There are 2 protein chains.
Amino acid sequence: MVTILNKKQSAILSSGRELFWKYGFRKVSVDEICNAAGCSKMTFYRYYTDKLSLAKAVYDEEVDQAIQKFRDIMQAETPADEKLQAMLSLKSDSVNNISPEFLKDFYSDNDSGLKEFIAEKTTKVWSEIISDFKEAQQRGVFRQDFKPELLLYVSQNISTLINDPYLLQLYGTPQELIMEITRFFTYGIAPNNSKMSSK
Amino acid sequence: MVTILNKKQSAILSSGRELFWKYGFRKVSVDEICNAAGCSKMTFYRYYTDKLSLAKAVYDEEVDQAIQKFRDIMQAETPADEKLQAMLSLKSDSVNNISPEFLKDFYSDNDSGLKEFIAEKTTKVWSEIISDFKEAQQRGVFRQDFKPELLLYVSQNISTLINDPYLLQLYGTPQELIMEITRFFTYGIAPNNSKMSSK
DNA sequence: TACAAAAATACAATAATAGTATCATTGTTG
DNA sequence: CAACAATGATACTATTATTGTATTTTTGTA
């Protein structure tokens with residue numbers, strides 16, 4: 001589904017993304033967004049019911065783009081190791097794309113509703129990813145006895161992992177930690193572990 | 001003058017710098033700083049009367065370090081063009097060091113007092129720099145008919161330049177603009193413009 | 001002109017923040 | 001151990017910021 005936005009609305013969207021990305025959700029005020037977008041507050045509330053709904057839209061857009069890229073990788077006629085590598089760099093991209101500031105608010109805030117929204121979205125996205133995985137598995141891209149559901153389990157527990165102080169100080173930044181986890185799982189599911197790229 | 005700080009105080013100072021640098025002055029709350037520094041609010045107010053006084057301390061420290069580096073460059077036994085180049089990269093360093101977020105609040109806020117403080121400090125620093133320049137000039141490092149006071153004049157007007165919308169859109173970011181101005185003036189005061197490094 | 005979109009402004013209710021006061025806890029030093 | 005200083009925890013008030021809305025102008029445009 002492609003939603004067409006008019007000029008003002010997309011100005012608000014991109015200003016929102018920019019500011020949220022930089023400062024996180026809480027620190028950014030609606031007024032600030034309006035100033036950056038060059039519109040009045042009324043216009044803002046014409047297009048978005050809340051500050052929250054804008055954040056959702058921003059997040060949605062980002063995830064949708066990431067999903068699209070993921071699909072492209074999965075659909076392409078490349079061997080598993082190349083797929084894995086592409087996914088890996090995609091993952092690290094999107095980790096850099098979705099700023100740590102944004103994620104910080106999302107992990108610590110309990111009341112804003114952002115958390116629930118992102119959790120829900122994450123679930124949906126992961127079930128899509130899993131079905132894509134299964135499809136690729138059918139085509140023999142990954143080894144047959146690997147269960148994609150495992151990824152879901154991990155992803156659902158990853159937020160607790162990310163908040164674990166010990167792990168955090170071990171890796172420095174949440175991104176590093178996420179990357180490490182991703183790397184581990186990605187490389188662990190190749191059909192042929194010892195010799196990659198040998199069809 | 002070297003001020004010795006105890007552990008907590010320096011923890012507050014560095015947490016403050018980190019947060020101010022990232023988010024600017026306004027967006028950062030005292031509670032946030034205390035959490036980052038691992039101390040209670042009481043301890044904060046034991047060492048700093050204000051949020052503002054912490055910001056001043058942070059800025060002070062940064063400027064003093066920059067000044068020190070500048071002095072080192074001026075005192076060294078190197079030809080003018082090397083001095084200029086070193087100062088140039090120092091300038092671009094400190095532009096990156098003093099974050100645009102911090103400067104943004106400083107240029108837009110009118111009431112907090114940060115503006116006045118920084119303006120005052122800037123004046124002092126520049127007069128020191130000028131006397132250093134004159135000394136180097138005496139030693140024949142720069143051409144004799146160049147007036148260091150010109151730099152002061154420029155620096156005092158630079159804030160209006162930086163806020164000029166036309167110039168800003170011409171250079172994209174304030175840093176770029178500052179760098180361009182600096183570059184222009186630095187290269188313009190070499191004793192021998194056509195052939196640098198030819199003693 | 002007439003109409004719709006946007007801006008400007010003002011506003012009330014709510015939430016966040018600064019800074020203080022009080023009391024409890026720790027840690028250190030003689 | 002006792003006494004003292006440094007720090008923490010908590011609660012609190014006054015002030016400021018922010019949200020989201022209502023109302024009135026301005027602007028652009030068919």
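Every value quoted in this text rests on a predicted model; they were computed, and no experiment measured them. Each chain gets a letter, A, B and so on, in the order its sequence line appears, and its residues count up from 1.
- A residue-by-residue look at A/D31 and A/M42 shows that A/D31 has its nearest nucleotide of DNA chain D further toward the 5' end.
- If you check C/dA6, D/dG8, D/dA22 against the side chain of B/S40, the one that comes closest is D/dG8.
- Here the nucleotide nearest the side chain of A/V30, chosen from D/dT19, C/dA18, C/dA6, is D/dT19.
- Atoms CG (B/D50) and C1' (C/dT17) sit 13 Å apart, rounded to a whole Å.
- Scanning atom types as modelled, one donor and one acceptor separated by under 3.5 angstrom connect the side chain of A/K41 and the base of D/dG20.
- In the helix from C/dT1-D/dA30 to C/dG30-D/dC1, the terminal helix axes, each the rotation mapping four pairs' C1' atoms onto the next four within five end pairs, subtend 40°, rounded to 10°.
- No engagement by B/F44 is indicated, since no non-hydrogen atom pair under 4.0 Å with the nucleic acid exists.
- Counted within 6.0 Å of NZ on A/K22, heavy atoms from surrounding residues, nucleotides or ligands total 12 or fewer; the atom is thus considered open.
- Because its NZ or CZ atom is both nearer than 6.0 Å to the ring centre of A/Y23 and within 45° of the ring axis, B/K27 counts as a cation-pi partner of that residue.
- Here the nucleotide nearest the side chain of A/T43, chosen from D/dG20, C/dT17, C/dA7, is C/dA7.
- One can place OH of A/Y45 at 18 Å from P of C/dC11, the figure rounded to the nearest angstrom.
- Contact between B/A76 and B/R139 at its shortest, heavy atoms only, is O-NH2, 4.3 Å.
- Side chains of A/D64 and A/Q68: a donor-acceptor N/O pair is absent below 3.5 angstrom, by distance only.
- One can place CD1 of B/I12 at 14 Å from P of C/dA18, the figure rounded to the nearest angstrom.
- Between B/K8 atom NZ and C/dG27 atom C1' the separation is 13 Å, expressed in whole Å.
- In this structure a side-chain-to-backbone donor-acceptor pair under 3.5 Å is missing from A/S15 to A/I12.
- The side chain of B/S29 approaches C/dA18 more closely than any other nucleotide in the set C/dA18, D/dG20, C/dA6.
- A distance-only check finds a donor-acceptor pair linking the side chain of B/N6 to the backbone of B/Q9 [under 3.5 Å].
- Taking atom CD1 on B/I33 and atom C1' on C/dA18, their separation rounds to 11 Å, with Å as the unit.
- Sequence order on DNA chain C of the closest nucleotides to B/K27 and A/C39 puts A/C39 first from the 5' end.
- Rounded to whole Å, the distance from CG on B/N6 to C1' on C/dT28 is 14 Å.
- Rounding to whole angstrom units, CZ of residue B/R46 and C1' of C/dT26 are separated by 13 Å.
- Ring geometry for A/F25 against A/F20 counts as tilted: the plane angle lies between 30° and 60°, on a 0 to 90° scale.
- The distance between atom CG of B/L19 and atom P of C/dT17, rounded to the nearest whole Å, is 13 Å.
- Not one side-chain nitrogen or oxygen of A/Y48 sits closer than 4.0 Å to the OP1 or OP2 atom of D/dG20.
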